[in-house]
Amino acid sequence: MKVLGIETSCDDTGLALYDSSKGLLINELSNQKKIHSKYGGIVPELASRMHMKNIVRLLDKIKRKHINFMKEIDLIAYTAGPGFYSSLLVGATFAHSFSISLNIPIVAVNHMEAHLLSPMLNYKSIKFPFIGLLVSGKHTQIIAAHNVGKYEILGSSLDDAAGEAFDKIAKLLKLKFPNGNELSNLATKGIKDKFHFPRPMIHHKNLNFSFSGLKTFTAKIINENILNEQKKADIALAFEDAVIDILLIKTKKALVKKRWNKLVVAGGVSANKILRKKARIMMKNEFSGQAFYAEPKFCTDNGAMIAHLGFLYYKQARMFPLEIFIKSKWSISDL
Ligand code: KG4
Ligand code: ZN
């Protein structure tokens, strides 16, 4: 079965074709970073207008490269939420028009679940249950994943998401937008232990996070210091260290609580090289287990993860009614 995946939840427009037996056949992505960088953040109204242009451009590009593309699709999967309402609407409308005109079944999928299961694009061997660390620009959650569609949220951020904290500190350090990756690159030039940042809530029994205090502390250090390139790198490293420590300390508690030894790290922040390395070492040394993540290009938003999850929904016969379905706030525990 071949599934067309459509992603428009934020500022990336993604179209992909996933074959349930051969894997990913097509993966096209168009981003709008240049436009939003002028404003230092994503402007939803502009994002939805750009999605309208980009989605048609991407479809034309795919049709030029793959002449039989339209005839090959057996199922359409689109991101129905969470995300910006106006951005979601573009993908949903496009998906439904496609579905009605070509008489192809359609499923509406949850963006965060798609992130969480995206490592399965490469590792078909990942089996439930596992602990998921879902770290994106808007979410930081620890999840007990029991099956497709069956998740228990064990902990969440009470304020900023980890990605959001990366973005805000990167902005204060005057790095290019989008910023998480830039901050992480800068941190590679930092000298260890020049600064030490707090790790809020690590001693609390619950599995929740808080990043806003760490952010304020870092902002204060940035304001108090005369910044040269080395100092910026030292701050970036200390900040990155603190965020990753917090994430892994809480994840470890969840693994101990459930007595599981499989970890899936997903979402944009899972592209972070240090996080990947430390999670791998922790799983091996402390749990005799394994950590899984998606290929870096599938960590951030893309159509491939949507197509892949669409197929899994189809296998469970979880189809949605024909009217346009979008849910700007749609928790993974409420599927
Ligand atoms: O999952 P995603 O593409 O979008 C949402 O669904 O929110 O995640 C984007 C987030 C941004 O906050 C970005 O700064 C962060 O992922 N990110 C990173 C890295 N690459 C992307 N954060 C830390 N280190 C990275 N290498
Ligand atoms: Zn995302």
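Remember, predicted model here, so these are calculated numbers, not experimental data. Both counts, for ligands and for their atoms, begin at 1 and track the order of listing.
- Between the choices A266, G180, G268, the shortest heavy-atom distance to atom 21 (C) of ligand 1 belongs to G268.
- Residues Y313 and E113 have side chains that bring a donor and an acceptor to within less than 3.5 angstrom of each other.
- Under a 4.0 Å criterion applied to the non-hydrogen atoms of K138, ligand 1 contributes the atoms 7 (O).
- Side-chain contact between L227 and I222 is present, with heavy atoms from C-beta onward closer than 4.5 Å.
- Hydrophobic clustering of Ile, Leu, Val, Met, Phe, Trp and Tyr side chains at less than 4.5 Å, counting indirect connections, keeps V264 apart from I274.
- Looking at K174 and E182, no side-chain N of the basic residue comes within less than 4.0 Å of a carboxylate O on the acidic one, giving no salt bridge.
- A161 and H139 get closest at one heavy-atom pair: CB-N, 3.5 Å.
- Pairs passing the ring-ring contact (aromatic ring centres under 6.0 Å, His included) check and including a residue from residues 209-265, sequence neighbours excluded, read H146-W260, F166-F239, F197-F217, F209-F211.
- The number of protein N/O/S atoms found under 2.8 Å from the Zn ion (ligand 2) is 3.
- Distances from atom 10 (C) of ligand 1 to the heavy atoms of G137, A114, A271 show the closest one on G137.
- Inspection of the Q32 and D12 side chains reveals no N or O donor paired with an N or O acceptor under 3.5 Å.
- Taking every heavy atom of G163 and a limit of under 4.0 angstrom, the matching atoms of ligand 1 come to 12 (O).
- Contact atoms of ligand 1 toward D167: 11 (C), 12 (O), 13 (C), 14 (O) (distance under 4.0 Å to a heavy atom of the residue).
- Between S184 and ligand 1, a contact under 3.5 Å exists for no N or O pair.
- Relative to atom 24 (N) of ligand 1, the option among I274, N272, D11, D12 with the closest non-hydrogen atom is N272.
- Within ligand 1, counting atoms from 1 as listed, the ones closer than 4.0 Å to a heavy atom of T300 are 3 (O).
- Annotation: F166 places no N or O atom under 3.5 Å from an N or O atom of ligand 1; distance criterion only.
- Looking at ligand 1, you'll find an N or O of N181 within less than 3.5 Å of one of its N or O atoms.
- Side-chain atoms of S99 do not come within 3.5 Å of backbone N or O of A95 as any donor-acceptor pair.
- To the nearest 0.5 Å, the span separating CG on N179 from NZ on K33 amounts to 10.0 Å.
- Of the residues listed (V256, I246, V265, I142), the one engaging T251 in a side-chain contact (heavy atoms from CB on, under 4.5 Å) is I142, and it is the only one.
- Counting only non-hydrogen atoms, the option in D301, N302, V243, L134 that gets closest to atom 2 (P) of ligand 1 is D301.
- The side-chain tip of K2 does not point at the ring of F311 from less than 6.0 angstrom away and within 45° of straight on.
- Short contacts between ligand 1 and H111, defined as distances under 4.0 Å to a heavy atom of the residue, involve ligand atoms 6 (O).
- Using modelled atom types, one finds a donor on one side chain and an acceptor on the other under 3.5 Å when comparing H111 with E7.
- Counting heavy atoms closer than 4.0 Å to ligand 1, residue H115 contributes side-chain atoms (C-beta onward) but none from N, CA, C or O.
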